[in-house]
Structures are given as C-alpha cells and as structure tokens.
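Atoms within each ligand, like the ligands themselves, are counted from 1 in listed order. Hydrogens, waters and symmetry mates play no part in the numbers below; they use all other heavy atoms, side chains included.
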Amino acid sequence: MKLEDLEISIEKTDRRKTVSIFIERDGSVKVLAPVTASDEKVEAAIKSKEYQIFSKIAKWKELNQGKVNRDFVNGQSFLYLGRNYRLKLIENQDVPLKISGGFFHLDKKYLAKADKVFKDFYREKALTKIQERLKLIEEKFTNKPKAIKVLELQNRWASWTPKNGLNFHWKCIMAPVSVLDYIIIHEMVHLKHPNHSTEFWNELDKKMPDFREHENWLKRNGVKMSL
Ligand SMILES: [Zn+2]
C-alpha cells in the first residue's frame, strides 16, 4: 500500500504546534496540524512521516484482529464490568434483559431488537455506575462536572464539554471498574487541563499513579468492548 492510497483527513487546530498523526478507532488516518501551517507544509510533514503512518496502521490492524461480532444466541458471551457473561434466551421474564446467576438473560420476545435492548441496558448501567464512582472520585478534585451523559460517542471513550459536562460512551461499562475509574479521572483532569499537555499528564499521574496500566488495558481490550 502507498501513502497515496490512504484516505487521510486533515484538521487544522490552534491546539497544535506540530503535525501529528492518529489512527482513529475505525482505522482511518487523521492528521492534526497547526492552523498556521500551509497545505504544502502539511503535505511534506505527512510524507516525512510515511513510515510512522504505516507502522501505526499495522499496529491498529493487529489490535483489531481481536474484534468480535456477537450474535444473540445461547452461549454467546457479553462483557460487563470486565467480565464475560454468557447469554441465555428466556421465555417471558419481568424485564427484556438482566444479569442473573452469572448469565445475561434476554427475553426471547426481544430477539429482533436485541441490539437496542443491550445498548439500553449498558447505557442505564453505565450512568448509574459512573455516578456512583464519581461521588468517590470527585472528592479529590476542585473542578466538579456539572452534567454527566452516557451516549454513543464517535471514536472515543469519553469527552468533556467547555461547560464542565462529561460525556461517556456506553461501552465504558464493559471495562473493569478500575479502568472505568481511569476513564472518569482522565476526563476530570481535563476540566482543569483541556489538552494533553505536560501539566495534564503530571496531574493525572498525581491523581492516579497507576493510570498507564489501565490505559494499556483499554488499548489491548478496547476492541472487544463491542456488541
Ligand atoms: Zn484526554
């Protein structure tokens, strides 16, 4: 594959002083460049980073080999708080979906809408759990979030808004609690340090000294956090 064959999206932002390359969660290439950089300069920077781009793509491919497509059949496993629960299809139960006795129980009537039923379940559980964890976490912070939302985010686990709101992807509830805490703490630090600056990482390190371990868990297992 050649550089010319790749679809590369370029975004100019005043938050960048140099050109940097990212591989999005869908495998596409994104380039962030300073607003002051001319198009020719950005093109040249991309060319000079050709090796880096292809090694990042190779790494992305390797991580995404673990991708699973889950079918809603008996025995299929689904993640919840870092554990796998197998699915049992049930005739008539009180709610469409629940965890019971170490299994996900899905009412057969909802099979056609299973995807939505699972997402609703994860979204509701994520909101409750994040609020519960946040109560403990925010004691260590002066900036507190004004609003918490659980959504389907593009290409990220969580994000913050300029109005001190925090958004989380519903998939976060598939990670172990320690990793969920990391995602929350990461965003809490952003309320004070918006960018991934040195100050940001120093502060994060202070609030959660073992954060790299959780970040690595996400890098290795994020691809499995899907329906
Ligand atoms: Zn961040």
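- Here Ile90 sits alone; no ILVMFWY side chain lies under 4.5 Å from its own, so it joins no hydrophobic cluster.
- A cation-pi contact links Lys207 to Phe141, judged by a cut-off of 6.0 Å to the six-membered ring centre and 45° from its axis.
- Note: His186 and Tyr182 have perpendicular aromatic rings, judged against thresholds of 30 and 60 degrees for the angle between ring planes.
- Judged by a 6.0 Å distance limit and a 45° cone about the ring axis, Lys88 is positioned over the six-membered ring of Phe103.
- Residue Leu153 belongs to a hydrophobic cluster whose other members are Leu151, with links defined by side-chain heavy atoms closer than 4.5 Å.
- For the Zn ion (ligand 1), protein N, O or S atoms closer than 2.8 Å were enumerated as His186 NE2, His190 NE2, His196 NE2, with waters left out.
- Residues passing the side chain to side chain contact (heavy atoms under 4.5 Å, CB included) test with Asp115 are Phe72, Lys119, Leu227, sequence neighbours excluded.
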